[in-house]
Amino acid sequence: KKMAKEVTDKEENYSLWYNNLVVKADLAENSAVRGCMVIKPYGYAIWEKMQAALDKKFKDTGHVNAYFPLFIPKSFLSKEAEHVEGFAKECAVVTHHRLMNSPDGKGVVVDPSAKLEEELVVRPTSETIIWNTYKNWITSYRDLPVLCNQWANVVRWEMRTRLFLRTAEFLWQEGHTAHATREEAIEETDKMVNVYADFAREFMAVPVIVGSKTASERFAGAIDTRCIEAMMQDGKALQAGTSHFLGQNFAKAFDVQFAGKDGKLDYVWATSWGVSTRLIGALIMAHSDNNGLVLPPKLAPIQVVLVPIFKGEEELTLMREHLQKIKTGLEAKGISVKLDDRDNLRSGFKFAEWELKGVPVRIAVGPRDMQNGTVELARRDTLEKQLLPLDGVVEHVEKLLVEIQENIYKKALTFREQNTFKVDTYEEFKTRIEKGGFFLCHWDGTAETEAKIKEETKATIRCIPAGAEPETGKCMVTGKPSVQRVVFARSY
RNA sequence: CGGGGUAUAGCGCAGUUGGUAGCGCGCCACGUUCGGGACGUGGAGGCCGUGUGUUCGAGUCACAUUACCCCGACCA
């Protein structure tokens with residue numbers, strides 16, 4: 001009750017959602033390590049569902065999984081100039097490999113004699129070590145393409161961390177591919193950003209805008225960065241995934257050349273792409289309400305919870321048997337079901353608890369239902385309850401899960417549409433950006449104008465949308481000509 | 001890294017002019033309850049973030065330090 005009240009009081013404060021809802025909702029808790037998080041089993045189960053769905057999509061598009069080392073020799077990182085510049089400020093570095101008893105007898109200290117000859121960087125991303133490896137894998141056009149993905153953790157020592165959105169350590173997948181031609185690599189970049197967009201829509205029920213980053217927002221070392229951008233319920237944008245066309249930058253830095261059919265040597269063309277546990281943050285911020293999480297059925301660790309209403313052990317025993325049958329029926333359809341038969345909690349408490357955890361469907365059965373052959377069915381997305389005959393409940397739930405998945409997607413899409421505006425003057429932009437939302441505006445294409453807007457409004461160009469209709473216009477700031485609208489927003 | 005705040009029981013918090021710690025929730029036991037977060041009685045649980053000072057005496061005062069939160073700066 002207290003949590004719900006606080007959230008209502010400060011509806012737009014997502015930090016509060018994290019601290020008072022998410023943490024309590026058993027998703028994660030702060031660990032002692034700076035900016036890192038413990039992901040509790042319930043939260044990790046969501047990640048596992050995401051992994052399974054993404055991994056299938058990667059396999060379906062011809063990719064394979066591999067694993068590369070956590071530690072990267074410092075010298076590797078400096079081989080690609082832009083790359084090192086982008087990451088240098090946020091690297092954790094291993095300098096020693098041994099501890100010793102402290103001379104003053106208090107605990108242990110780093111043994112100065114165990115200094116590493118070359119420091120090791122804890123990977124902030126794996127391009128360098130992977131391209132150093134690919135050098136030995138690729139000699140001929142017959143070795144191409146190389147289409148690898150790895151599921152891993154990375155470390156970025158950000159100045160400021162935020163639960164799920166920017167933790168010092170996070171889990172992600174990173175795909176790294178090598179191609180014989182520029183066209184093929186660009187096609188791959190495009191293909192994978194669309195895989196992410198499909199995943200967001202189909203599984204997370206989050207609509208996203210696909211587009212390209214401007215030069216100033218690009219990945220360090222990339223020629224082009226494709227991204228998916230999602231709108232959170234406070235109108236802010238969240239970058240949910242990226243796919244980079246790396247050109248021949250890394251191939252040249254790590255000397256990865258192959259012999260073509262004509263016998264001539266050429267550098268390979270590269271891409272990399274990734275999504276992280278930030279997606280869990282996106283999921284929460286896109287759908288949750290003041291009763292807690294709202295999870296899309298396709299990613300919910302528990303899709304249906306069964307709550308008995310009973311008094312006394314005898315009734316509970318009867319109810320258990322009864323509910324177990326329903327559970328078996330649902331499970332036969334591949335639905336994940338939790339039977340909450342705890343005897344020390346009242347049903348009302350359980351209702352609130354499972355709502356907090358975002359379980360899409362709840363079935364409650366009491367003595368009255370036993371007599372009448374009914375069940376009470378409640379859906380998390382609308383909080384509607386309905387009394388149903390027991391017969392056919394499995395089929396009904398099956399349909400309902402699909403409906404909930406669609407409904408929360410539509411809700412998120414409608415919200416985004418209602419908060420997306422075409423704006424043509426800078427004055428109007430400056431006023432309306434305060435209330436959040438996506439703004440489709442004309443921009444003259446210069447970094448100077450982009451920087452000025454960021455400086456004055458805190459809004460950035462989230463992306464230059466792909467496949468948008470060309471529309472000639474004038475930059476809202478400088479009045480210079482523009483050929484299409486770009487997406488401006490404040491972001492996380 | 002700059003500004004502000006916090007650190008006392010598993011969680012949320014009190015703790016007055018310095019005098020060796022308390023409340024609510026939760027937990028354990030028993031009983032009454034049970035269709036939207038039940039109640040009674042009893043019980044367990046604390047090096048007051050860490051260090052150094054001041055003092056007869058520090059949760060309380062001073063200094064330092066660490067961690068976390070918020071706002072910036074920074075950023076896949």
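Each chain gets a letter, A, B and so on, in the order its sequence line appears, and its residues count up from 1.
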Could you list, one pair per line, each protein nitrogen or oxygen that sits under 3.5 Å from a nitrogen or oxygen of nucleotides 29-34 of chain B, together with the distance?
residue: U33(B); atom: O2'; partner: Arg346(A); partner atom: NH2; Å: 3.4
residue: U33(B); atom: O2; partner: Arg346(A); partner atom: NH2; Å: 3.2
residue: C34(B); atom: O4'; partner: Arg346(A); partner atom: NH2; Å: 3.3
residue: C34(B); atom: O2'; partner: Phe310(A); partner atom: O; Å: 3.1
residue: C34(B); atom: N4; partner: Gly312(A); partner atom: N; Å: 3.3

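- Atoms CD (Glu127(A)) and C1' (A76(B)) sit 11 Å apart, rounded to a whole Å.
- Atom CG of Leu323(A) is separated from atom P of G35(B) by 16 Å (rounded to the nearest Å).
- Comparing the C1' positions of G24(B) and C68(B) gives a spacing of 24 Å, expressed to the nearest Å.
- Residues Arg362(A) and Phe170(A) both approach RNA chain B. Their nearest nucleotides, taken by heavy-atom distance, put Arg362(A) toward the 5′ side.
- Of the candidate nucleotides C74(B), G35(B), G36(B), C74(B) has the atom lying nearest to any side-chain atom of Glu158(A).
- Pairs engaging residues 348-378 of chain A under the ring-ring contact (aromatic ring centres under 6.0 Å, His included) rule: none recorded [sequence neighbours left out].
- At whole-Å resolution of the value, NZ in Lys89(A) and C1' in C1(B) are 12 Å apart.
- With pairs defined as Watson-Crick or G-U wobble and both atom distances under 3.5 Å, the stems of at least three pairs that touch RNA chain B come out as B:1-7 with B:66-72, B:10-13 with B:22-25, B:27-32 with B:38-43, B:49-53 with B:61-65.
- Across A76(B), C75(B), G36(B), the shortest atom-to-atom separation from the side chain of Phe351(A) is found for G36(B).
- Here CG of Leu283(A) is found 12.0 Å from NZ of Lys49(A). Values are rounded to the nearest 0.5 Å.
- Nearest heavy-atom pair, Lys327(A) versus Leu306(A), reported as atom, atom and distance to 0.1 Å: CB-CD1, 3.7 Å.
- Residue Pro124(A) is classed as having no contact, given no heavy-atom separation below 4.0 Å to the nucleic acid.
- For the pair Arg342(A) CZ and G26(B) C1', the interatomic distance rounds to 14 Å; values are reported in whole Å.
- Residue Arg166(A) places no side-chain atom within donor-acceptor reach of the base of A76(B), judged by atom type and a 3.5 Å distance cut-off alone.
- With Glu82(A) contributing its side chain and Ala220(A) its backbone, the two residues share no donor-acceptor pair below 3.5 Å.
- Distance noted for atom P between U52(B) and A58(B): 13 Å (whole Å).
- In this structure, Lys357(A) is positioned above the aromatic face of Tyr42(A), its NZ or CZ under 6.0 Å from the six-membered ring centre and within 45° of the axis.
- Listed nucleotides: G37(B), A76(B), G35(B). Nearest to the side chain of Asp369(A): G35(B).
- Between Phe170(A) and Trp172(A), the angle of the ring planes goes over 60°, which puts this pair in the perpendicular group of the 30/60° scheme.
- Each of Thr242(A) and Lys385(A) was matched to the nucleotide of RNA chain B holding its nearest heavy atom; the match closer to the 5' end belongs to Lys385(A).
- Between the side chain of Glu355(A) and the base of G36(B), at least one donor-acceptor pair of N or O atoms lies under 3.5 Å.
- Classification of Arg379(A) and Glu403(A) as a salt-bridged pair holds, one side-chain N sitting under 4.0 Å from a carboxylate O.
- As rounded to whole Å, 17 Å separates atom C1' of C75(B) from atom CD1 of Ile461(A).
- Among the heavy atoms of the strands, none lies under 4.0 Å from Ala378(A).
- A gap of 35 Å separates the P atoms of C75(B) and C63(B), to the nearest Å.
- For RNA chain B, no neighbouring residue in residues 66-73 of chain A is found when judged by any heavy atom under 4.0 Å.
- A distance of about 10 Å separates the C1' atoms of U60(B) and U16(B), rounded to the whole Å.
- At the heavy-atom level, Glu217(A) lies nowhere under 4.0 Å from the strands shown.
- Nucleotides G49(B) and G10(B) are separated by 13 Å at their P atoms, to the nearest Å.
- The only option from Glu217(A), Lys213(A), Arg278(A) that meets the side-chain hydrogen bond (donor to acceptor under 3.5 Å, both in side chains) definition with Gln239(A) turns out to be Lys213(A).
- Enclosure of atom CD in Glu85(A) is not indicated, since only 12 or fewer non-hydrogen atoms of other residues, nucleotides or ligands lie within 6.0 angstrom.
- Comparing U8(B) with G46(B), their C1' atoms sit 8 Å apart, to the nearest whole Å.
- Within the nucleic acid shown, Lys213(A) has no heavy atom closer than 4.0 Å to any nucleic acid atom.
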Side-chain donor-acceptor contacts of residues 240-250 of chain A below 3.5 Å, not counting sequence neighbours, with atom names and distances?
residue: Thr242(A); atom: OG1; partner: His244(A); partner atom: NE2; Å: 3.4
residue: Ser243(A); atom: OG; partner: Thr189(A); partner atom: O; Å: 2.8
residue: His244(A); atom: ND1; partner: Thr225(A); partner atom: OG1; Å: 2.9
residue: Gln248(A); atom: NE2; partner: Asp266(A); partner atom: OD1; Å: 3.4
residue: Gln248(A); atom: NE2; partner: Tyr267(A); partner atom: O; Å: 2.9
residue: Asn249(A); atom: ND2; partner: Gly221(A); partner atom: O; Å: 3.0

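- Nucleotide C30(B) is shown with an anti base, its glycosidic torsion being more than 90° from 0.
- Across all strands, Gly241(A) comes closer than 4.0 Å to base atoms (heavy-atom distances).
- Between Lys191(A) and Glu187(A) no salt bridge is recorded (no basic side-chain N to carboxylate O distance below 4.0 Å).
- Taking every side-chain heavy atom of Trp172(A) into account, A76(B) is the closest of A76(B), C74(B), G36(B).
- Within 4.0 Å (heavy atoms only), Glu315(A) reaches no atom of the nucleic acid at all.
- For the pair His287(A) and Val206(A), the tightest heavy-atom approach, listed with the atom from each and the gap, is NE2-CG2, 3.7 Å.
- Between the CD atom of Glu82(A) and the P atom of A76(B) there is a distance of 12 Å, given to the nearest Å.
- Salt-bridge check for Asp381(A) with Lys411(A): failed, with every basic side-chain N at 4.0 Å or more from each acidic carboxylate O.
- Nearest nucleotide to the side chain of Glu353(A), out of A76(B), G35(B), G37(B): G37(B).
- Atom name C1', nucleotides A38(B) and G4(B): the rounded distance is 42 Å, in whole Å.
- U55(B) and A9(B): their P atoms are spaced 30 Å apart (whole Å).
- The interatomic distance linking Leu246(A) (CG) with A76(B) (P) rounds to 14 Å, in whole Å.
- When all heavy atoms of Ile453(A) and Thr457(A) are compared, the pair lying nearest together is O-OG1, 2.6 Å.
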Below 3.5 Å, can you tabulate the donor-acceptor pairs from side chains in residues 359-370 of chain A to any protein atom, sequence neighbours excluded?
residue: Arg362(A); atom: NH1; partner: Glu355(A); partner atom: OE2; Å: 3.0
residue: Asp369(A); atom: OD1; partner: Thr374(A); partner atom: OG1; Å: 2.7
residue: Asp369(A); atom: OD2; partner: Gly366(A); partner atom: N; Å: 3.0

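- Distance Glu85(A) CD to A76(B) P: 11 Å, rounded to the nearest Å.
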